[in-house]
Amino acid sequence: MEINISDENCPLRKTLEIIGGKWTMLIIFQINSRTIRYGELKRCIVGISEKMLINQLKYLCEKGIVSKKAYPEIPPRVEYTLTPLGKELLPIIDEIITFGLKHKL
């Protein structure tokens, strides 16, 4: 397969725009195949600021990677799950983890 990475429509470039952020794959990995509430997700990702997590979740929802469900309760309850598209990224993340373990990175 020949890919022209200088093309702005390059599939590698487009994919990295979505998953190449510092926190993106960590968020996707933590949500995984479960439904998770915002507070739990925040506790799972050490070092991420509230603002960054909110922005990343909003971006991932816009890109169709994550689904958000808000319940009209007090206090508000918000849950996140991966969409089918988001679940397609899990094997890629697993391979990255395997690479890191294999090479002790």
Side-chain angles (χ1 to χ4, degrees):
M1 172 187 293
E2 191 173 318
I3 297 174
N4 181 0
I5 59 170
S6 62
D7 179 6
E8 67 181 42
N9 293 316
C10 165
L12 177 60
R13 183 182 294 252
K14 290 293 194 181
T15 303
L16 285 175
E17 283 177 12
I18 296 171
I19 66 168
K22 177 179 179 180
W23 303 103
T24 308
M25 284 196 272
L26 293 171
I27 292 168
I28 294 167
F29 179 76
Q30 285 300 326
I31 296 173
N32 216 299
S33 30
R34 62 184 170 151
T35 298
I36 189 168
R37 292 180 67 175
Y38 175 84
E40 183 181 355
L41 187 57
K42 173 85 170 80
R43 286 187 297 276
C44 289
I45 305 173
V46 176
I48 192 168
S49 70
E50 190 163 334
K51 180 180 178 182
M52 180 58 71
L53 180 56
I54 289 169
N55 288 342
Q56 286 293 297
L57 286 167
K58 182 179 177 185
Y59 179 76
L60 290 170
C61 287
E62 289 169 359
K63 293 297 182 183
I65 305 294
V66 171
S67 174
K68 173 183 175 181
K69 184 168 184 179
Y71 295 88
E73 301 173 352
I74 297 179
R77 178 170 50 123
V78 179
E79 295 178 339
Y80 295 93
T81 56
L82 292 181
T83 65
L85 180 63
K87 288 179 182 177
E88 286 185 42
L89 292 168
L90 293 175
I92 297 167
I93 295 170
D94 287 341
E95 284 296 319
I96 292 169
I97 292 168
T98 300
F99 178 86
L101 291 169
K102 180 179 177 182
H103 299 287
K104 299 183 181 13
L105 299 175

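In this chain, numbering begins with 1 at the start of the sequence shown. Side chains are part of it too, since the values below use all heavy atoms of this structure and drop only hydrogens, waters and symmetry mates.
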Colleague: Give every residue pair that meets the ring-ring contact (aromatic ring centres under 6.0 Å, His included) criterion with at least one member in residues 37-59, sequence neighbours excluded.
Modeller: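 Checked against ring-ring contact (aromatic ring centres under 6.0 Å, His included) - neighbours excluded - no pair reaches residues 37-59.
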Colleague: Using side-chain hydrogen bond (donor to acceptor under 3.5 Å, both in side chains) as the criterion, list what pairs up with Gln56, not counting sequence neighbours.
Modeller: Thr24
Colleague: Under the salt bridge (Lys or Arg N to Asp or Glu O under 4.0 Å) definition, can you give me all pairs with a residue in residues 22-34, not counting sequence neighbours?
Modeller: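 Passing the test, one end in residues 22-34: Arg34-Glu40.
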Colleague: Taking side-chain hydrogen bond (donor to acceptor under 3.5 Å, both in side chains) as the definition, give me every residue that meets it alongside Arg37, ordered by chain and number, with sequence neighbours left out.
Modeller: none
Colleague: Restricting to side chain to side chain contact (heavy atoms under 4.5 Å, CB included), what partner residues turn up for Thr15, sequence neighbours left out?
Modeller: Ile19
Colleague: Could you grab the distance from atom CG of Leu41 to atom CZ of Arg43, nearest 0.5 Å is fine?
Modeller: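 Here the interatomic distance stands at 9.5 Å.
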Colleague: Please find the pair of heavy atoms, one from Lys68 and one from Cys61, that lie closest to each other, and give the distance.
Modeller: CB-SG, 3.8 Å
Colleague: Are any non-hydrogen side-chain atoms of Leu57 and Val78 less than 4.5 angstrom apart?
Modeller: no
Colleague: Go through it in stages, so that I can follow the logic: the residues are Leu26 and Ile48, the test is side-chain contact (heavy atoms from CB on, under 4.5 Å), and I'd like the CA-CA distance, side-chain angles, deciding distance and then a yes or no.
Modeller: CA-CA 10 Å; Leu26 293 171; Ile48 192 168; over 6 Å; no
Colleague: Are any side-chain N or O atoms of Thr35 and backbone N or O atoms of Tyr80, one a donor and one an acceptor, separated by less than 3.5 Å?
Modeller: no
Colleague: Answer with yes or no whether the hydrophobic clustering places Leu82 together with Leu85; edges join I, L, V, M, F, W, Y residues whose side-chain heavy atoms lie under 4.5 Å apart.
Modeller: yes
Colleague: State, to 0.1 Å, how close Cys44 and Ile36 come at their nearest heavy-atom pair, and which atoms those are.
Modeller: SG-CD1, 4.5 Å
Colleague: Please examine the side chains of Thr83 and Val66, heavy atoms only from C-beta on, and report whether any two atoms are closer than 4.5 Å.
Modeller: no
Colleague: Can you sort out the partners of Asn55 under side chain to side chain contact (heavy atoms under 4.5 Å, CB included), two or more places apart, ordered by chain and number?
Modeller: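 Here the qualifying residues are Lys51.
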Colleague: Which residues pass the side-chain hydrogen bond (donor to acceptor under 3.5 Å, both in side chains) test with Glu73, not counting sequence neighbours?
Modeller: Arg77
Colleague: Scan the side chains in residues 94-105 for donor-acceptor partners under 3.5 Å anywhere in the protein, sequence neighbours excluded, and list what turns up.
Modeller:
unit_1	atom_1	unit_2	atom_2	d
Thr98	OG1	Asp94	O	2.9

Colleague: Using salt bridge (charged side-chain N to carboxylate O under 4.0 Å, His left out) as the criterion, list what pairs up with Glu88, not counting sequence neighbours.
Modeller: none
Colleague: Could you note down all residue pairs passing salt bridge (Lys or Arg N to Asp or Glu O under 4.0 Å) where residues 54-66 supplies at least one of them, sequence neighbours left out?
Modeller: none
